[in-house]
Amino acid sequence: QVTLAESGGGLVQPGGSLRLSCEASRFALDYYSIGWFRQAPGRDREEVSCLRSSDGRTYDADSVKDRFTMSRNNRRNMIYLQMRDLRPEDPAVYYCAITPMCSENWVPAGWGQGTQVTVSS
């Protein structure tokens, strides 16, 4: 079975940093790649980043390139999203998601409850 549990969200000032964590089931890690997407009120879902399991390549949205970085710790069944230089357009609920394979047009196939990220002065 696939289970995903996000954590690490919170309130941060513009320009600040935050690291989100996703604890994924062994099944999810073995059979899927893992990515992050975000959802904000009044905005379409935005795929933020995806870490391809086969080679570790990361696919990032233009809006977060050079600011957000994904990483994986297989021993701990953890996926991370390190966010820096947070901007007013970044607040959203962030979801950890499975996808069959990362690509420039990856689509979430399942996700957890999400974690709220708020950017405020």
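For the numbers below, each heavy atom of this structure counts, side chains included, while hydrogens, waters and symmetry mates do not.
- In the hydrophobic clustering of ILVMFWY residues, with side-chain heavy atoms under 4.5 Å counting as a link, I79 and V117 come out together.
- Rounded to the nearest 0.5 Å, atoms CH2 (W106) and CD1 (I34) are 9.0 Å apart.
- Formation of a donor-acceptor pair under 3.5 Å by the S25 side chain with backbone atoms of Q1 is found in this model.
- Listed for the R57 side chain is no donor-acceptor partner under 3.5 Å among the backbone atoms of S53.
- Within a 6.0 Å sphere centred on OH of Y31, heavy atoms belonging to other residues, nucleotides or ligands number 12 at most.
- We find that R87 and D90 are not joined by a salt bridge, their nearest charged nitrogen and carboxylate oxygen being 4.0 Å or further apart.
- In Y32, the OH atom is not crowded: 12 or fewer heavy atoms of neighbouring residues, nucleotides or ligands sit closer than 6.0 Å.
- Of all non-hydrogen atoms in S33 and M101, the two that sit nearest each other are OG-CA, 4.3 Å.
- The two residues A24 and A28 make their nearest non-hydrogen contact at CB-CB, 4.4 Å.
- Closest of all the heavy-atom pairs between L4 and C22 is CD2-SG, 3.9 Å.
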Open item on the list: Between T118 and V12, is the side-chain contact (heavy atoms from CB on, under 4.5 Å) condition met? List the steps.
Closed with: CA-CA 6 Å; T118 303; V12 65; over 6 Å; no
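- Note that CE of M70 and CG of L20 are 10.5 Å apart. Values are rounded to the nearest 0.5 Å.
- Residue D30 places its CG atom among more than 12 non-hydrogen atoms of other residues, nucleotides or ligands, all under 6.0 Å distant.
- Put simply, CD on Q113 and CD on E6 are 7.5 Å apart, with the number rounded to the nearest 0.5 Å.
- Looking at heavy atoms from C-beta onward, L81 lies out of side-chain contact with R19 at the 4.5 angstrom threshold.
- If you look at F37 and W111, their ring centroids are closer than 6.0 Å.
- Distance check: L29 CG to M78 CE gives 10.5 Å after rounding to the nearest 0.5 Å.
- In the model, S17 has no side-chain atom that pairs as donor or acceptor with a side-chain atom of Q82 under 3.5 Å.
- Across every non-hydrogen atom of S120 and L11, the tightest pair is CB-CD1, 3.7 Å.
- A cation-pi arrangement, defined by a distance under 6.0 Å to the six-membered ring centre and an angle within 45 degrees of its axis, is absent between R38 and Y94.
- The nearest pair of heavy atoms linking V107 to R45 is CG1-NH2, 4.1 Å.
- Distance check, rounded to the nearest 0.5 Å: SG of C102 to CG of D60 gives 10.0 Å.
- Considering every non-hydrogen atom in both E46 and R43, the closest pair reads OE1-NH2, 4.5 Å.
- Hydrophobic clustering keeps Y95 apart from V64 (ILVMFWY residues linked when any side-chain heavy atoms are closer than 4.5 Å, directly or through intermediates).
- You'll find the side chain of C96 reaches within 4.5 Å of the side chain of W36, heavy atoms only.
- Taken to the nearest 0.5 Å, the CG atom of L51 stands 7.0 Å off from the OG atom of S49.
- Taking 4.5 Å as the limit, every side-chain heavy atom of T115 sits out of range of all side-chain heavy atoms of V93.
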